[in-house]
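What follows is a single structure, written as structure tokens, with notes after it.
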Amino acid sequence: MSPSAGSVETWLIAIKKLQHAANETRDRWICNQPGERVPLKDAVGRIALTDCISPECTPQFDTSAMDGFAVSSLATKDASLTHPVQFRVIGTITPGSGCLDDSGIAAYGMEPCAEIMTGGRFPDRAGPLGQLDACVRVEDITIAIYGNSNSMEQWRSIIVTKPVQPNAHRRIAGNDIQCSEVLVKAGQRISSSHIMPLSSLGFQDTEVMRKLRVGIWSTGNEFVTKSASIADVNGPFLQAASTEYGAEADFLGYLSDDVQSLSQSFHSHALSDKWDVLITSGAVSIGKFDFIRAALDGCGAKVIFHGLNIRPGHPVLFALINLGNSSLFPIFDN
Ligand SMILES: Nc1nc2c(c(=O)[nH]1)N[C@H]1C(S)=C(S)[C@@H](COP(=O)(O)OP(=O)(O)OC[C@H]3O[C@@H](n4cnc5c(N)ncnc54)[C@H](O)[C@@H]3O)O[C@H]1N2
Ligand code: MOO
């Protein structure tokens with residue numbers, strides 16, 4: 001059957017048929033193939049084989065969103081320029097430094113505060129007026145230094161002249177990622193934006209499906225015999241586009257305009273199971289030398305569509321060959 005005006009399908013219907021065939025092939029076969037483990041740096045563009053589940057929450061504990069001082073917000077509720085509140089600095093917390101080191105440091109009757117850097121763990125400490133629950137930014141306070149700079153007696157205090165809101169600049173544990181959250185779903189294409197959450201939870205590699213293997217031919221005696229100076233543009237393009245979409249692409253060479261040899265090439269390549277998808281360009285219209293359809297019919301392929309109401313690309317054809325597992329998807333050229 002040639003792609004006559006009566007047999008053409010709409011683009012939308014063709015895409016649905018294509019997706020249906022692709023989903024069936026994936027569910028029936030590709031998902032059951034063994035995957036491979038790749039380091040995160042090589043995972044972008046690959047399809048996740050399994051769900052990546054967060055083993056814990058991040059941040060694991062409350063952290064500061066600003067560089068400043070952890071104070072009791074309650075102690076600042078009446079703070080003003082005329083009634084400043086003073087806190088004594090009892091230590092410094094940096095990211096990774098863990099809990100506040102409290103070896104002998106005391107506030108000596110004054111409200112305590114802890115210097116805290118962005119990403120530092122909120123101290124589990126309370127002063128007389130309550131828990132050090134909020135961070136006041138370093139630019140919002142005044143620092144006073146007491147004592148002799150040459151002696152161990154030196155100590156610092158901060159002066160707060162405005163109320164600090166409860167939990168100000170405090171990132172709550174689990175705010176970024178919850179425990180058991182799905183970071184990447186099986187079947188999802190991994191993008192660079194997945195790498196940060198995966199890294200933050202200690203993933204160094206991930207399990208992905210093996211790459212789809214695509215075999216590509218260009219057809220036409222003009223390429224086989226090199227009789228004319230016509231450059232093959234579809235072959236290089238289809239390899240590049242397949243690679244861009246995450247496949248492993250092999251260029252299989254040039255096919256001549258001959259039904260028998262076309263049919264034989266399809267048969268042997270589909271049977272080999274070396275490729276998941278075979279793509280041809282050319283010989284798919286209704287010209288005297290357009291033998292793709294006859295060759296496919298000759299090797300028992302099931303044509304899903306041949307001819308769409310689009311221009312350019314009207315004679316495009318999609319077929320499934322069930323000899324091995326390959327789908328054959330010849331496309332037009334012009
Ligand atoms: N008092 C103020 N504090 C902050 C202000 C501000 O205006 N006033 N701005 C905040 C904003 S906004 C940002 S953004 C951060 C920028 O901080 P830095 O670029 O100086 O980064 P660090 O302080 O070194 O680190 C912050 C945090 O990020 C963690 N970190 C750093 N590198 C990595 C890495 N490669 N992988 C994972 N995590 C990393 C680090 O351990 C800290 O936890 O400043 C705010 N503070
Ligand atoms: O510059 Mo910061 O990124 O607002 O958090």
Side-chain angles (χ1 to χ4, degrees), residues 38-45 48 52-77 79-81 84-102 105 107 110-125 127 130-146 155-184 190-206:
V38 292
L40 284 192
K41 72 177 176 57
D42 299 328
V44 172
C52 297
I53 312 261
S54 162
E56 56 198 24
C57 71
T58 63
Q60 276 178 274
F61 34 74
D62 295 5
T63 57
S64 179
M66 293 287 166
D67 300 316
F69 295 84
V71 297
S72 155
S73 59
L74 196 62
T76 68
K77 85 176 165 45
S80 68
L81 279 173
V85 180
Q86 196 168 11
F87 295 83
R88 182 163 176 151
V89 182
I90 59 167
T92 299
I93 303 164
T94 58
S97 70
C99 298
L100 192 60
D101 175 7
D102 59 358
I105 302 169
M110 203 180 276
E111 274 296 317
C113 74
E115 187 175 28
I116 190 163
M117 300 300 128
T118 307
R121 180 179 189 154
F122 251 86
D124 188 16
R125 281 293 191 90
Q131 188 75 19
L132 308 191
D133 66 315
C135 170
V136 56
R137 298 186 310 166
V138 66
E139 56 268 50
D140 295 337
I141 51 100
T142 308
I143 299 183
I145 299 175
Y146 299 91
W155 59 279
R156 291 180 300 159
S157 78
I158 63 165
I159 295 154
V160 177
T161 55
K162 275 193 288 197
V164 179
Q165 293 306 306
N167 290 329
H169 305 309
R170 178 177 183 138
R171 288 199 180 107
I172 306 298
N175 239 6
D176 291 342
I177 299 167
Q178 293 290 315
C179 186
S180 302
E181 200 172 313
V182 179
L183 304 172
V184 185
I190 297 171
S191 75
S192 59
S193 63
H194 291 117
I195 303 303
M196 200 183 258
L198 288 171
S199 301
S200 78
L201 285 152
F203 286 84
Q204 292 187 347
D205 49 33
T206 185

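Keep in mind that what you see is a predicted model, and the values were worked out from it rather than measured. All ligand and atom numbering here is 1-based and tracks the order in the structure. Basis for what follows: all heavy atoms, side chains included, without hydrogens, waters or symmetry-related copies.
Of the protein's heavy atoms, T118 OG1, 3.7 Å lies nearest to atom 44 (O) of ligand 1. If you check which protein heavy atom lies closest to atom 10 (C) of ligand 1, you get M66 SD, 3.8 Å. Counting only heavy atoms of the protein, atom 41 (O) of ligand 1 lies nearest to P95 CB, 3.5 Å. Among all non-hydrogen protein atoms, the one lying nearest atom 43 (O) of ligand 1 is G119 CA, 3.2 Å. At the shortest separation from atom 3 (N) of ligand 1 among protein heavy atoms lies D67 N, 2.8 Å. Distance from atom 5 (O) of ligand 2 to its nearest protein heavy atom, with residue and atom name: R171 NH2, 4.7 Å.
Protein non-hydrogen atoms do reach within 4.0 Å of atom 46 (N) of ligand 1. By the definition of a contact as any protein heavy atom under 4.0 Å away, atom 39 (C) of ligand 1 is not in contact. Distance screen at 4.0 Å: atom 1 (N) of ligand 1 has a protein heavy-atom neighbour inside the cut-off. Proximity of atom 35 (N) of ligand 1 to the protein is not indicated, since no non-hydrogen protein atom lies closer than 4.0 angstrom. Put simply, atom 14 (S) of ligand 1 has no protein non-hydrogen atoms near it, under 4.0 Å away. There is no protein heavy atom less than 4.0 angstrom from atom 17 (O) of ligand 1. Taking a distance limit of 4.0 Å, we find that atom 22 (P) of ligand 1 is approached by no protein heavy atom. Counting protein heavy atoms under 4.0 angstrom from atom 6 (C) of ligand 1 gives one or more.
Rounding to the nearest 0.5 angstrom, the gap separating the CG atom in L183 from the CZ atom in F203 is 6.0 Å.
Of all atoms in ligand 1, numbered sequentially from 1 with element shown, those under 4.0 Å from a heavy atom of E139 are 1 (N), 2 (C), 6 (C), 7 (O), 8 (N).
Considering backbone and side-chain atoms together, R137 places no N or O closer than 3.5 Å to any N or O of ligand 1.
Checked by atom type, the side-chain pair E181/S54 shows no donor-acceptor distance below 3.5 Å.
Contact annotation for A65 and ligand 1: only backbone heavy atoms (N, CA, C, O) come within less than 4.0 Å of the ligand.
Inter-residue side-chain proximity for F69 and I141 is flagged as met; some heavy-atom pair is nearer than 4.5 Å. For the pair D176/P59, a side-chain contact is recorded, criterion being any heavy-atom separation below 4.5 Å from C-beta on. For the pair D205/L40, no side-chain contact is recorded, criterion being any heavy-atom separation below 4.5 Å from C-beta on. Looking at V136 and V164, their side chains come closer than 4.5 Å, going by heavy atoms from C-beta outward. Counting heavy atoms from C-beta on, the side chains of M117 and E115 come closer than 4.5 Å. Side-chain contact between L201 and P55 is present, with at least one heavy-atom pair separated by less than 4.5 Å. Residues F61 and T63 form a side-chain contact, since some pair of their non-hydrogen atoms from C-beta on lies under 4.5 Å apart. Between W155 and R88, some side-chain heavy-atom pair lies under the 4.5 Å cut-off.
A cation-pi arrangement is present between R170 and F122, with the terminal nitrogen or guanidinium carbon under 6.0 Å from the aromatic centre and inside a 45° cone about the axis.
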